[in-house]
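Not measured: the values here are computed from a predicted model.
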Amino acid sequence: MLKLRIITALCLIPVVLGAIFLLPLPFFALFATAVYLLAGREWGRFIDTGKSNAVMVFLALVLVALMASVPIEQIWAEGLHGWIAMVLNAGAVWWLCAVPLVLGYPASAGLWQSRPWLKALFALLSLVPFFWSLLVLRSYHYEQDPYYGAWLLLFVMALVWAADTGAYFAGKTLGKHKLCPRVSPGKTMEGMVGGLIAACLLALTVTFAVELPVGQRNAVLLASVVAVLASVLGDLVESMFKREAGLKDSGNILPGHGGMMDRIDSLTAALPIFIVVYQLAGQS
């Protein structure tokens with residue numbers, strides 16, 4: 001299984017990097033749409049295994065409506081487009097609401113388990129802000145430098161990857177205190193702290209290497225810390241819904257890794273939270 005995971009990861013890395021750096025913005029949007037739809041179909045399994053395609057169609061229609069009202073070239077028209085800012089803020093509110101759901105599980109499942117419409121709303125608030133976060137970061141300063149946003153998106157994604165790696169090794173060597181055993185028994189407090197330290201070291205290294213102004217550097221560091229904490233929540237939320245649905249993996253599209261949601265669960269929370277916190281810190 002480990003060998004299969006490594007092979008799949010080695011195949012995924014050039015695909016993701018190629019999409020981020022080589023695809024023009026409209027084609028990157030198509031790539032992001034494919035990820036969004038695959039994740040949406042898997043989210044449908046959390047709601048009802050027999051209606052996963054219906055959930056994907058519902059999410060697709062919502063995305064089409066939003067993209068029709070906000071063309072890609074207008075994402076950063078005189079600052080972040082108002083509709084998109086509202087979508088990202090709605091996503092941030094959802095992740096705040098998800099904290100008591102995770103901490104209160106399994107008792108909290110009584111609020112949503114028998115309400116498919118509520119779980120569909122959770123899917124909407126998880127995936128739509130994630131999709132627009134991809135485009136917001138990738139299109140940042142696009143007209144001045146087509147690769148500026150690509151590096152920014154890679155930076156935020158790398159924060160999550162660094163946190164995952166740090167959490168794995170810290171948890172293996174030091175892990176004693178369970179983080180949220182009723183949702184994800186394998187995660188520990190020590191692992192979370194180790195992941196946070198690894199991500200902070202990466203953020204400090206990058207922000208000092210590119211010589212950002214003090215105000216912007218502080219905003220990036222604050223957004224990075226909050227985004228990494230949010231990434232842990234994103235992972236736990238997906239684990240909670242999988243556990244309630246009786247699923248080990250969200251899907252089987254990625255050999256050795258499970259489904260698309262199993263790979264992007266942390267990013268669905270980290271990307272929109274990074275943008276929202278950065279904006280709240282007074283940066284644009």
Is atom CD of Q144 surrounded by more than 12 heavy atoms (other residues, nucleotides or ligands) closer than 6.0 Å?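 Buried by this count: over 12 neighbours within 6.0 Å.
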
Counting only heavy atoms from other residues, nucleotides and ligands, does the tally under 6.0 Å from OH of Y168 exceed 12?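 It does not: Y168 OH has 12 such atoms or fewer within range.
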
Value rounded to 0.5 Å, distance of [atom1] in [X] from [atom2] in [Y]:
X	Y	atom1	atom2	value
L66	H81	CG	NE2	10.5 Å
L179	L236	CG	CG	5.5 Å
S108	Q113	OG	CD	10.5 Å
D265	S239	CG	OG	6.5 Å
D262	K248	CG	NZ	8.5 Å

Could you pull out the closest heavy-atom pair between [X] and [Y], with the gap in Å?
X	Y	result
L23	A19	CB-O, 3.4 Å
M261	L127	SD-CD2, 4.0 Å
W132	L63	NE1-CD1, 4.3 Å
E42	S250	OE1-OG, 2.9 Å
R243	V183	NE-O, 3.1 Å
F130	T268	CD1-CA, 3.7 Å

Going by the side-chain contact (heavy atoms from CB on, under 4.5 Å) test, name the single residue among L134, L153, L137 that passes it with I20.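 Filter result, single survivor: L153.
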
Donor-acceptor list for residues 188-205 side chains, cut-off 3.5 Å, not counting sequence neighbours:
from, atom 1, to, atom 2, distance (Å)
T188, OG1, G191, N, 2.9
E190, OE1, K176, N, 3.1
E190, OE1, H177, N, 3.2
E190, OE2, H177, ND1, 2.5
T205, OG1, L201, O, 2.7

Between [X] and [Y], is there a shared hydrophobic cluster once you connect ILVMFWY residues whose side-chain heavy atoms come closer than 4.5 Å?
X	Y	answer
V57	M260	no
L22	I72	no
V64	M56	no
I84	L30	yes
F21	V15	yes

Does either side chain, that of Y105 or that of E244, offer a donor lying less than 3.5 Å from an acceptor on the other one?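 Distance-only check passes for Y105 and E244.
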
Do the side-chain N and O atoms of Y278 and Q216 include a donor-acceptor pair separated by under 3.5 angstrom?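 Yes - a donor-acceptor pair under 3.5 Å links their side chains.
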
Would a 4.5 Å heavy-atom cut-off, applied to side chains only, mark [X] and [Y] as touching?
X	Y	result
K242	F46	yes
W43	E238	no
F274	L271	no
L17	L154	yes
T207	L221	yes
E73	L25	no
H141	W76	no
L222	N218	no

Does the ring of F208 carry R217 above it, NZ/CZ under 6.0 angstrom from centre and within 45° of its axis?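 So R217 does make the cation-pi contact.
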
Below 6.0 angstrom between ring centroids: does that apply to W112 and F241?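 W112 vs F241: aromatic centres under 6.0 Å.
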
Output field: ring centroids Y148/Y140 closer than 6.0 Å: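 Yes, close enough.
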
Under 3.5 Å donor-acceptor, [X] side chain and [Y] backbone:
X	Y	answer
R115	L111	yes
D235	V232	no
Y36	L59	yes
D145	Y147	yes
K178	P185	yes
S231	S266	no
R41	V55	no

Could you go through the side-chain contact (heavy atoms from CB on, under 4.5 Å) check for V228 and V160 one step at a time? CA-CA 6 Å; V228 169; V160 175; 5.8 Å; no

Distance-only check: which donor-acceptor pairs under 3.5 Å involve side-chain atoms of residues 88-104, not counting sequence neighbours?
from, atom 1, to, atom 2, distance (Å)
N89, ND2, A85, O, 3.1
W94, NE1, S126, OG, 2.9

